Amino acid sequence: METQQSDLERERQYCELCGKMENLLKCGRCRSSFYCSKEHQKQHWKEHKLICKEVDKTQPPKQKPEPEQPPGNEKASDKCPKKNSPEQADSSAPSSQTTNAEPQGLGEQPAEEGSNNTAIPNGQTGCSSPQKLATEYVIPCMNKHGICVVDNFMGEETGLSILEDVKALHKTGRFTDGQVVSQKSDSTKNIRGDKITWVDGKEAGCEKIRFLTSRMDDLVRHCNGKLGNYAINGRTKAMVACYPGNGTHYVRHVDNPNGDGRCVTCIYYLNKDWNAKEYGGLLRIFPEGKAQFADIEPKFDRLLFFWSDRRNPHEVQPAFATRYAITVWYFDADERARAKEKYLTGAGEKGVKVELGKPSDPS
């Protein structure tokens with residue numbers, strides 16, 4: 001009997017070789033790993049076959065063994081029950097008993113929509129409460145991968161109204177060059193090319209941005225106490241950022257390398273009909289201790305979470321069209337208290353910048 005599960009219960013998935021998170025195909029043998037193409041599956045087979053065979057051993061044998069199949073001939077739909085996560089594939093489903101030294105074929109159809117790195121639509125669509133989204137998707141995804149993507153967070157109509165607020169704010173001329181701590185101003189543009197402004201949501205014309213951050217806070221409140229060992233007690237103001245195109249980028253960096261209190265980075269993207277192949281602008285994350293990286297497209301109404309510390313170095317690749325995003329950083333109570341103490345006593349490391357203003361309270 002095919003095991004059913006909601007989209008929210010699926011874990012984030014990515015190509016085992018390159019880390020791509022879009023349009024994935026499932027290994028037709030173990031049903032536990034994903035690849036962006038048959039070529040990448042073949043290239044990764046030397047490593048994957050050890051895991052693939054172990055998983056295969058746990059599957060009940062067929063009454064009659066199947067003949068050997070050449071790589072790439074097996075559809076994932078023949079082996080992989082739809083709507084199953086890698087960890088929760090139906091154990092009663094029969095599996096291949098072939099002994100090829102090559103990987104079994106990937107499906108000819110991509111993994112179903114929402115299974116690679118997204119949750120089902122949320123917010124204005126009314127498909128899921130913040131509590132359910134937090135407990136069934138964000139918390140397990142963050143604790144396992146340290147990265148979590150939620151699509152359709154605010155809904156089309158609200159997302160467009162937030163975008164209009166951001167565009168209007170941009171036209172006011174309030175955006176300034178993004179800064180890098182302890183870097184000379186003339187070298188900053190070689191490191192980051194974005195224009196930014198900080199918003200607390202009370203400014204005229206920023207009502208929809210404030211509504212967005214309140215929804216972020218609501219989601220984080222339902223996660224609090226269950227994201228790692230963190231006790232989140234506040235956040236920064238919202239940083240509204242624009243990469244104006246022309247190849248502007250941000251080199252590989254870590255948001256919080258020195259324990260300034262930030263534990264979770266939360267980014268909301270506002271780029272309608274973004275074509276990454278044409279416009280670039282991917283956020284590439286290099287999770288610590290993993291050979292693969294994760295490419296996040298800055299798609300409209302997409303919300304991204306990841307740990308802010310050295311576990312997630314990341315970069316914004318050159319953007320060739322105007323790219324908007326809104327970022328807030330959530331604070332861990334203990335780490336932030338230690339950072340404040342270092343700052344006030346003058347014992348902090350050079351280059352550590354700690355905002356001492358009272359952060360917005362997500363609780």
Side-chain angles (χ1 to χ4, degrees), residues 12 21 117-125 127-128 130 133-134 137-138 141-142 147-170 175 178 194-201 203 205-223 227 232 234-243 250 255 262-274 276 279 281-283 285 294-308 312 314 316 319 321-331 359-360 362:
R12 186 183 67 87
M21 300 170 69
N117 66 341
T118 65
I120 62 173
N122 175 41
Q124 296 299 304
T125 61
C127 291
S128 177
L133 181 62
Y137 182 69
V138 177
C141 191
M142 281 293 287
I147 305 169
C148 182
V149 178
V150 180
D151 277 341
N152 308 310
F153 179 61
M154 298 297 291
E156 178 88 5
E157 184 177 350
T158 302
L160 287 173
S161 65
I162 297 168
L163 177 58
E164 290 305 311
D165 271 10
V166 169
K167 286 182 176 179
L169 186 64
H170 193 198
F175 284 60
D194 56 333
K195 308 283 185 178
I196 67 169
T197 190
W198 294 90
V199 171
D200 64 14
E203 301 88 344
C206 294
E207 292 80 10
K208 293 299 182 180
I209 297 175
R210 184 177 185 180
F211 181 53
L212 167 67
T213 55
S214 71
R215 293 300 302 275
M216 291 177 176
D217 291 348
D218 195 25
L219 181 55
V220 170
R221 183 174 68 251
H222 288 294
C223 294
L227 292 176
I232 295 173
R235 61 164 170 82
T236 65
K237 293 181 180 181
M239 185 187 80
V240 185
C242 170
Y243 287 83
Y250 197 154
D255 286 349
R262 291 177 292 173
C263 60
V264 174
T265 300
C266 182
I267 307 176
Y268 181 72
Y269 293 110
L270 288 154
N271 308 294
K272 194 71 175 172
D273 302 318
W274 189 264
Y279 306 141
L282 293 172
L283 180 71
I285 304 178
D295 278 344
I296 313 296
E297 294 187 25
K299 291 182 177 180
F300 175 78
D301 203 21
R302 169 171 282 181
L303 187 68
L304 168 68
F305 294 96
F306 59 89
W307 302 132
S308 303
N312 283 316
H314 55 282
V316 177
T322 303
R323 178 189 187 275
Y324 290 113
I326 298 175
T327 304
V328 298
W329 288 270
Y330 287 91
F331 292 120
S360 300

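Every value quoted in this text rests on a predicted model; they were computed, and no experiment measured them.
- Between the side chain of D194 and the main chain of Y243, no donor-acceptor pair closer than 3.5 Å is present.
- A cation-pi arrangement is absent between K299 and Y269, since the terminal nitrogen or guanidinium carbon is not both under 6.0 Å from the aromatic centre and inside a 45° cone about the axis.
- Separation of atoms SG (C223) and CG (D218) is listed at 10.0 Å; rounding is to 0.5 Å.
- Here the OH atom belonging to Y330 is positioned 10.0 Å from the CZ atom belonging to R221, to the nearest 0.5 angstrom.
- Atom OH of Y268 and atom CE of M154 lie 6.0 Å apart (nearest 0.5 Å).
- Rounded to the nearest 0.5 angstrom, Y279 OH and T322 OG1 are separated by 10.0 Å.
- A donor-acceptor pair is defined here as one N or O able to donate and one able to accept, closer than 3.5 Å; such a pair exists between the side chain of S308 and the backbone of T265.
- Between the CG atom of D301 and the CG atom of L212 there is a distance of 9.0 Å, given to the nearest 0.5 Å.
- Going from atom CG of L133 over to atom NE2 of H222 covers 10.0 Å, rounded to the nearest 0.5 Å.
- Results of the side chain to side chain contact (heavy atoms under 4.5 Å, CB included) test with C266 over L219, L303, V220 single out L303 as the only residue that passes.
- Not a single donor-acceptor pair under 3.5 Å links the side chain of R323 to the backbone N or O of P298.
- Taking the side chain as every heavy atom from C-beta outward, I296 and R302 approach each other to under 4.5 Å.
- Under a 3.5 Å cut-off, the side chain of T236 and the backbone N or O of W329 do form a donor-acceptor pair.
- Residues E203 and L169 form no side-chain contact, since every pair of their non-hydrogen atoms from C-beta on lies 4.5 Å or further apart.
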